[in-house]
Amino acid sequence: MEEVSSLIKKSVSTIYRYTCQNSIPHSKQGNTLHFYRSEILEWMKMHKKKCINELSDEAHIESFRVLNRD
């Protein structure tokens with residue numbers, strides 16, 4: 001739990017909440033939660049917040065598409 005908390009930079013209580021909501025990949029055996037690093041890293045990629053440069057690039061590409069429609 002501590003390793004996942006450190007990896008995604010969220011508190012342990014937030015990790016528990018994510019598991020209760022089934023919003024983070026995990027498995028449970030009895031009372032023990034298990035996390036796979038590869039699944040957590042993939043989950044992080046899917047839920048990453050975009051920086052201003054990425055948003056700007058996407059807006060530029062979309063406006064180019066709109067302007068150049070056939």
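On a predicted model such as this, the values are computed, not experimentally measured, just so you know.
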**Q** Consider only side-chain heavy atoms of I, L, V, M, F, W and Y, link residues closer than 4.5 Å, and tell whether V4 and Y36 are in one cluster.
**A** no

**Q** Of all residues at least two apart in sequence or in a different chain, which pass the side chain to side chain donor-acceptor pair (under 3.5 Å) check with E2?
**A** none

**Q** Working to the nearest 0.5 Å, report the span between SG of C20 and CD1 of I15.
**A** 11.5 Å

**Q** Contact between I8 and I24 at the side-chain level, heavy atoms closer than 4.5 Å - yes or no?
**A** yes

**Q** Distance-only, no hydrogens or angles: does the T19 side chain make a donor-acceptor pair with backbone N or O of Y16 under 3.5 Å?
**A** yes

**Q** Just jot down the side chain to side chain donor-acceptor pair (under 3.5 Å) partners of S5, sequence neighbours excluded, or say none.
**A** none

**Q** Which pair of non-hydrogen atoms, one from L7 and one from M44, has the smallest distance, and what is that distance?
**A** O-CE, 3.8 Å

**Q** Within a strict 4.5 Å, meaning less than it, do heavy atoms of the F35 and M1 side chains meet?
**A** yes

**Q** For atom CD of E3, is the number of surrounding heavy atoms from other residues, nucleotides or ligands below 6.0 Å larger than 12?
**A** no

**Q** To the nearest 0.5 Å, what is the distance between NE2 (H34) and NZ (K28)?
**A** 10.5 Å

**Q** Under 3.5 Å, side chain of W43 to main-chain N/O of S38, donor-acceptor pair present?
**A** no

